[in-house]
Amino acid sequence: MNEPTPVLTLEGVHTYIGQYHILHGVELTVPRGQVTMLLGRNGAGKTTTLRTIMGLWPARTGRITFAGQPIGGAGTALSTPEIARRGIAYVPENMGIFGDLSVKENLLLAARSARRVDDIDTARLEWIFSLFPALRKFWLYPAGKLSGGQKQMLSVARAIVEPRELLLIDEPSKGLAPAIVQNLIGALRELKQTQTTVLLVEQNFAMAKALGDTVAVMDDGRVVHRGSMAELVEDAALQQRLLGLSLAAHG
Amino acid sequence: MNTVTSPLPAAEVALAKVRLDWIPLLLVAALMAVALPLVGSVPTWLTLTVAGLAMGMIIFVIASGLTLVFGLMDVLNFGHGVFIALGAFVATTVLAGMADWTGSASLAANLIAIFAAMGVAMAVTGAIGYAFERVLVRPVYGQHLKQILITMGGMIIGEEMIKVIWGPEQTPLPLPEALRGALLWGDAAVEKYRVLAVAIGSAVLLAMLYLLNRTKIGLLIRAGVQDLEMVESLGYRVRRLFVGVFVAGSALAGLGGVMWGLYQQMVTPQMGAQINVLLFIVIIIGGLGSSFGCLVGALLVGLMANYTGFLAPKVALFSNIGLMVAILLWRPNGLYPVAAR
Amino acid sequence: MLHRLLSHDLPRSRWLALALVLIVLALLVVPFALPGSKSLNVAAKILIFVVLVASYDLLLGYTGIVSFAHTMFFGIGAYGVAIASTRMGEGWAALGTGVALALVLSLLLSLAIGLFSLRVRAIFYAMVTLAVASAFQTLASQLSEFTGGEDGLTFRLPELLSPSFEPFEEEVLGVLIDGRLITYYGLLVLAVALVLLMLRIVNSPFGRVLQAIRENDFRAEAIGYRTVVYRTLGNVLAALFATLAGAMLAIWLRYNGPDTSLSFEIMLDVLLIVVIGGMGTVYGAVVGSVLFVLAQNYLQDLMRLAAGGVEGVPVLSQLISPDRWLLWLGVLFVVCVYRFPNGIVGWLRERADRSPLRPETSA
Amino acid sequence: MLQTEGLTVRFGGHVAVDGVSCTFAPGTLTAIVGPNGAGKTTYFNLISGQIRATAGRVRLNGQDLTGLGAAERTRAGLGRAFQLTQLFPRLTVLENVRLAVQARAGEGLNLWQIWSDRRELLGRAREIVAAVALADKQDVPAAALPHGDQRKLEVAILMALEPQVFMFDEPTAGMSVDDVPVVLNLIRALKADKTKTILLVEHKMDVVRELADRIIVLHNGQLVADGEPETVIASPVVQRAYLGQDVEAEA
Amino acid sequence: QSDKEIRIAHVYSKTGPLEAYGKQTQTGLMMGLEYATGGTMQVAGRKIVVIEKDDQGKPDVGKSRLAAAYADDKVDLAVGPTSSGVALAMLPVAEEYKKILLVEPAVADSITGEKWNKYIFRTGRNSSQDAISNAVALDKEGTVIATLAQDYAFGRDGVAAFKQALKKAKLVHEEYLPTNTTDFTAGAQRLIDALKDKPGRKVIFIIWAGAGNPFKIADLDLKRHGIEIATGGNILPAMAAYKNFPGMEGATYYYFGIPKNPVNEWLVANHYKRFKSPPDFFTAGGMSAAIAIVEALKKTQGDTNTNKLIKTMEGMRFQTPKGEMTFRPEDHQAMQAMYHFRIKVDPAFPWGVPELVREIKPEEMQVPIRNKR
Ligand SMILES: Nc1ncnc2c1ncn2[C@@H]1O[C@H](COP(=O)(O)OP(=O)(O)OP(=O)(O)O)[C@@H](O)[C@H]1O
Ligand SMILES: Nc1ncnc2c1ncn2[C@@H]1O[C@H](COP(=O)(O)OP(=O)(O)OP(=O)(O)O)[C@@H](O)[C@H]1O
Ligand SMILES: [Mg+2]
Ligand SMILES: [Mg+2]
């Protein structure tokens with residue numbers, strides 16, 4: 001296999017939240033231009049891993065390297081804004097919507113280079129509207145009043161309103177209607193065409209199957225399996241062991 | 001107050017756009033109109049009204065920093081008062097040093113002295129505000145209660161420091177020659193200093209409205225208050241902006257302090273604490289955080305004080321509270337509610 | 001037995017338990033161990049503050065309501081005793097009537113404020129109470145016919161509680177037993193009883209609901225608790241206890257005036273003590289009050305000693321001068337709020353059990 | 001018997017729920033589906049009293065609930081689990097549930113007893129915590145739970161209320177695959193009881209298919225379909241507007 | 001050995017809003033002891049020790065500090081406090097401990113009035129003396145007066161005493177404004193309306209203490225209606241505002257340049273020497289209190305027995321920076337001269353300089369006796 005160069009690597013990352021030891025030496029590589037799925041049960045540490053990459057929790061030991069340069073870990077902790085400015089966009093688990101601001105303002109903030117909405121690339125905005133029509137409809141609405149799924153759309157839209165090298169997305173499909181999940185899958189595929197790398201946490205195995213190139217499975221703060229998605233899809237026993245998943249239920 | 005239209009027609013639904021709400025302004029006008037027959041004499045009414053509006057402007061400047069910091073950063077700065085006193089004390093020093101300018105009968109020289117005092121006061125209070133934010137406020141963002149306590153602690157410390165530097169006694173801050181006295185329109189009198197206050201107040205208002213509504217800064221800070229981590233994840237160094245806002249708020253307090261001190265013509269270390277409650281009433285009426293609301297609230301308070309003071313001085317004691325209760329009964333979140341937190 | 005008295009809400013830290021025992025012992029023996037007017041005064045002030053602060057903790061720590069009108073109720077209690085004793089003349093009847101009327105007034109007022117404004121945003125409520133409290137203070141000094149205005153009221157109490165009452169000829173353990181001492185022990189018993197009662201309330205099913213509302217009122221409403229009812233009731237209870245604390249103050253001082261019981265400064269002291277002691281713990285009120293009242297009364301003396309050492313040093317002597325004791329009290333506040341984010345009680349408990357009780361984690 | 005008659009709410013110019021009349025019988029599980037923003041959550045809010053209706057009524061067993069607040073409706077027998085988790089963040093898992101048990105027992109205004117002396121309430125709470133497989137975390141503050149566990153706790157609180165009408169709003173969203181069955185089993189057990197009215201909003205069609213006795217479809221706030229699961233899912237409106245084109249193949 | 005010391009407590013606002021006033025009293029007290037003992041700080045061979053207590057401007061604190069002074073520090077007598085509210089709370093303590101409290105400079109009438117007890121003396125002036133002296137200064141045929149005062153007991157009592165003492169002038173309007181007034185326009189308008197059409201000399205007499213600056217009303221150009229402003233004396237920083245009112249008249253309790261006597265000369269000279277500034281309002285009061293104490297102790301040969309001291313002090317005459325004072329036996333209030341002044345602007349001073357028009361002798365003022373004995 002011709003291994004693409006990794007965009008992001010985590011080596012021996014240990015993260016503590018307060019006095020709790022949450023990540024116990026996470027090892028992870030995210031190849032450029034691919035979708036890497038991060039799977040695992042509730043509480044395995046997926047969200048913590050993404051937050052550690054973003055610098056929202058400090059990695060106490062280990063190394064996090066992005067595009068060849070260290071961004072986190074012992075000794076080289078960049079601040080979150082600096083990490084984001086290197087080209088990483090993040091869709092958090094709780095969506096991180098600015099409820100007091102309108103949909104428009106939420107997107108405007110996400111488009112860092114734009115001073116006003118007119119500065120945002122119109123074609124890209126249209127593309128987002130085609131993926132998530134609700135956003136056009138509720139353009140001037142306070143985002144806090146959106147429905148759960150609409151908030152999720154807005155959160156994803158914010159991450160893709162400008163091109164970024166790496167997307168970290170935490171469970172984007174939760175609360176989305178099937179049709180919108182389809183749109184999302186389509187959108188991520190399109191982004192892959194433009195050499196955008198994606199690290200995706202997902203419980204929806206159908207979506208993982210549809211998108212994933214490589215996969216990492218976490219358990220108890222460690223990455224316990226790394227491989228290609230295809231391999232995991234083939235191997236029902238592996239699924240059962242890693243995810244407690246029986247294919248029967250998911251046909 | 002977001003009036004910029006979408007670049008893409010939001011064709012399907014016409015959703016609530018926020019437009020300037022004129023009703024509270026009408027309320028100000030109505031108050032003035034009701035007062036006229038009650039007061040009876042037109043020149044007296046004019047004197048009271050103009051003085052009230054000007055007083056409103058002064059209060060607005062003093063309160064604007066408070067409302068800015070609260071509205072944008074959701075920080076309840078009980079220490080605001082100490083910046084007011086500090087600004088005023090700095091002005092006493094500056095003006096004492098410029099005795100030739102203030103003593104001159106030329107308006108220009110007087111104004112230069114005052115503006116210099118304001119400039120220095122804003123610089124000093126801004127700098128102290130920076131330290132205040134760094135040391136006291138930063139660790140307690142998002143925790144109202146601790147903010148109240150910490151900023152109160154800061155207030156006590158600041159007040160005592162003022163006593164260490166300038167002494168505990170009241171210090172005179174005389175108004176320069178050319179700004180004393182009144183302009184006469186027939187039988188109505190308008191103090192000259194109040195005209196200056198209106199000018200400065202308007203300038204502050206315009207600057208604030210521009211900065212908050214025409215730039216991304218206002219948005220960023222509001223977003224940062226709701227979810228700091230998310231704004232940082234979008235790549236903004238929003239903490240720096242926070243400091244900036246706090247510095248601006250403190251500098252505005254300093255400016256207000258100079259204006260207040262010159263108005264009172266004397267300053268005391270407690271002067272800030274003394275008007276704290278009044279300021280809080282003003283920003284509650286305005287809607288806790290809206291700069292325009294703060295202006296309207298201040299004007300109402302200024303007018304109300306003069307009308308009730310003239311018509312029924314006993315009532316004046318409780319006029320501010322009465323006004324506040326009435327307004328909250330009508331609009332429970334103030335005149336210009338900033339989206340509910 | 002002790003468990004039940006403490007409503008199963010034990011100190012949960014050896015150091016805290018030790019501190020509490022020491023405090024109670026100290027308060028018991030102060031009149032004999034440290035005879036003197038000042039130490040007795042300080043001890044009595046501690047008792048009064050413990051009750052007042054605990055009642056505020058009921059509001060702030062357990063119900064999550066920030067109110068600046070708490071001293072208003074404190075003042076009502078104090079004025080109740082003062083006005084009744086002035087108007088009806090000294091006597092138990094006056095005392096009883098004063099306390100009863102004060103309780104009724106507090107009840108009505110807190111009910112009105114609660115129903116009127118507990119529906120508004122928390123921060124609005126805080127601001128509104130700030131304004132109401134200052135209006136009440138103005139009112140108290142305006143009604144000078146009744147309240148003695150700014151000058152306040154000095155009054156007499158029943159014989160048993162007056163300093164001139166000296167039941168024994170002989171000194172007991174080297175101390176002359178007089179009405180002051182009797183009053184002190186009366187207040188001590190009352191304070192202990194009231195604190196235990198509050199401890200019981202916060203550990204009742206009702207108290208638990210208050211905490212739930214503080215955490216998430218939307219959810220509390222959705223599981224069937226009418227938050228307005230609970231909040232109002234919490235508000236009223238806190239007001240009543242504060243009223244009793246006010247009555248204790250008046251009984252101790254035999255004087256009351258607007259500065260003494262209504263000032264914003266007291267409100268701030270109370271707020272600080274709650275936070276320094278540890279919100280939502282009741283015990284915090286005890287530990288915090290002791291530390292704070294001691295600091296308030298002895299800091300100046302301490303600084304006088306320190307200032308002696310730096311006399312002549314220009315700026316330093318200014319800063320350490322006992323006249324600037326407030327400066328250092330201010331610094332102390334700030335440091336305490338930092339050093340003990342969960343209050344002293346919270347800190348002691350955390351040290352005691354490193355169990356996963358980490359408040360303030362973001363959801 | 002839960003009934004809504006012409007239930008309508010408008011926010012400014014936007015009609016979120018538009019004249020929905022529907023009857024839910026005891027012993028049936030009705031799934032409510034529809035695109036994001038269709039008004040499902042809002043419909044729940046109108047029923048359980050979080051939002052006041054602009055028009056229309058809500059009745060439970062003939063009793064008119066329209067004028068009542070959320071707390072009163074809960075006590076009348078409506079129970080609700082929220083789409084966006086609503087917990088008492090700093091209280092422990094057990095206490096979260098115990099408070100609901102206590103509410104159910106009407107013990108809230110008991111000022112004199114000590115809470116922990118009410119052993120039967122505590123015991124009941126423990127049972128429920130165990131039923132959602134959170135027993136080993138019962139002393140953890142709710143805020144420190146991973147997302148999936150928080151979802152389970154949300155369900156546990158609803159269970160503790162023992163209402164007559166259970167309203168689940170996407171109970172399994174964001175739950176890991178091996179935890180989903182825990183919640184589904186609880187719902188199955190409720191169904192087996194045959195006396196409870198169950199309303200379920202869910203985007204996972206396999207779950208809906210398996211559990212629902214009946215499906216109603218909301219679209220733009222209106223009730224557009226109502227009937228047997230298979231017929232409704234097969235109907236063109238659902239296929240087009242909700243599920244998207246080739247979703248069958250994926251799911 | 002403590003038997004040989006004479007212990008005096010000075011309870012005053014070392015901190016709190018009146019800190020500046022309190023400090024002046026303390027300075028004056030120490031200088032007065034020095035002056036009266038000829039620098040030895042001893043009377044009849046007994047050393048005088050002053051124990052300072054901070055009442056923080058709070059009545060309850062003052063009360064307990066005084067009790068501690070009497071009980072714990074075993075002082076023989078006490079001086080203070082700064083504020084009237086504190087003083088009133090302290091009065092019963094003196095009675096309880098049967099020790100003298102020499103009130104200085106709290107002014108409320110009731111201290112030597114209805115709340116008085118026999119242990120209370122006062123060297124400071126009371127509000128009646130203030131008001132009456134001002135009335136005497138302004139009381140001329142053909143003068144119309146309106147008052148502006150704070151709307152609480154202190155303001156209303158002052159106006160009442162003032163009104164009572166007016167014999168020739170006419171009081172046409174009493175304006176009371178809230179203590180926290182910031183904008184005086186409305187009050188000024190009412191005053192103008194009340195006065196402008198009256199014949200003769202028109203005066204607004206201001207009694208104001210604390211926050212707010214009522215002299216602001218002059219900015220409304222009162223001159224166009226021929227209205228003048230009058231007020232009593234004040235501490236020097238407050239008299240900076242007087243600079244705008246050359247010719248303004250009133251009566252003051254003390255201004256360092258006015259009384260001509262050896263005591264005041266010593267005070268002014270030594271104060272300049274030590275502090276590079278003139279003594280102020282309350283410095284003189286503190287000194288008077290010290291002199292009163294030392295004179296009384298001299299007469300008792302250093303005996304601090306309370307009843308003996310009371311006997312001695314009743315009717316006692318003593319020389320102060322303000323000339324001779326007498327403790328009136330009925331209510332223990334020191335009768336003293338006041339000074340009718342007119343403001344002159346002198347660029348050498350940052351305040352308006354009050355020039356003596358006339359010394360108002362104690363006999364000229366009928367200060368009512370209000371205590372029940
Ligand atoms: N704020 C916190 N304080 C303490 N512990 C926490 C906190 N946040 C998370 N944890 C713990 O960290 C562990 C990992 O949580 P994390 O949220 O990363 O899991 P996850 O894999 O994202 O799970 P899920 O699929 O449910 O979202 C969990 O055991 C959780 O209890
Ligand atoms: N309080 C509110 N104010 C204004 N609009 C609201 C409010 N609540 C909901 N809406 C709007 O009503 C519509 C219906 O929202 P609702 O939350 O009911 O959708 P939903 O069907 O639950 O969607 P989802 O599947 O995404 O959760 C949305 O467009 C939303 O923006
Ligand atoms: Mg997660
Ligand atoms: Mg929903």
Side-chain angles (χ1 to χ4, degrees), chain A residues 17-18 20 22 39-48 93-95 97 132-135 137-138 141-142 145-153 170-171 173-183 185-186 201-210 239-240 242-246 249-251, chain D residues 11-14 16 33-42 82-85 133-134 137 140 144-152 169-170 172-182 184 201-208 210 220 238-251:
Chain A
I17 304 179
Y20 305 106
I22 309 283
L39 306 179
R41 303 168 200 228
N42 288 137
K46 308 179 294 293
T47 299
T48 309
E93 186 169 43
N94 68 2
M95 303 178 280
I97 297 298
F132 309 126
L135 298 187
K137 182 168 166 187
F138 293 99
Y141 227 54
K145 305 242 164 115
L146 294 179
S147 83
Q150 290 164 344
K151 282 184 187 143
Q152 190 66 59
M153 296 178 209
D170 202 346
E171 301 200 32
S173 76
K174 70 174 179 313
L176 289 185
I180 302 292
V181 174
Q182 287 311 310
N183 290 354
I185 293 173
V201 172
E202 196 38 88
Q203 299 285 1
N204 179 338
F205 197 69
M207 181 161 168
K209 221 163 55 175
Q239 286 176 22
Q240 176 66 35
L242 293 173
L243 301 170
L245 190 84
S246 69
H250 289 264
Chain D
F11 301 114
H14 177 59
V33 303
N36 295 120
K40 306 178 294 293
T41 300
T42 309
F82 292 90
Q83 178 178 10
L84 300 178
T85 318
L134 283 176
K137 296 182 178 163
V140 177
L145 291 179
H147 181 81
D149 287 344
Q150 293 192 354
R151 299 296 302 154
K152 286 198 282 182
D169 199 347
E170 301 192 32
T172 64
M175 226 178 250
S176 64
V177 199
D178 55 337
D179 272 333
V180 171
V182 176
L184 295 190
V201 171
E202 186 53 82
H203 286 302
K204 291 182 183 147
M205 291 318 283
D206 46 346
V207 171
V208 170
E210 188 214 318
N220 284 334
V238 172
Q239 286 296 324
R240 205 178 46 252
Y242 182 52
L243 297 174
Q245 312 79 17
D246 53 3
V247 74
E248 277 304 274
E250 294 286 340

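Note on naming: letters A, B, ... go to the chains in the order of the sequence lines (proteins, then strands), and numbering restarts at 1 for each one. Side chains are part of it too, since the values below use all heavy atoms of this structure and drop only hydrogens, waters and symmetry mates.
- When the candidates A:S147, A:G40, A:S173 are compared by the number of heavy-atom contacts under 4.5 Å with chain D, A:S147 comes out ahead.
- Looking at D:T85 and D:Q150, their side chains never bring a donor and an acceptor atom within 3.5 Å of each other.
- Taking D:P146, D:G39, D:A38, D:P181 one by one and counting their heavy-atom pairs under 4.5 Å with chain A, the maximum is reached by D:P146.
- In terms of heavy atoms, A:P178 sits closest to D:M205 at CG-CG, 4.4 Å.
- Side chain of A:N183 to backbone of A:F132: no donor-acceptor contact under 3.5 angstrom is found.
- For the residue pair D:V33 and D:K40, the shortest heavy atom distance occurs at C-CD, 3.7 Å.
- If you measure heavy-atom distances from A:E93 to chain D, the contacts under 4.5 Å come from the side chain alone.
- At a 4.5 Å heavy-atom cutoff, the contact between A:K151 and chain D is made by side-chain atoms alone.
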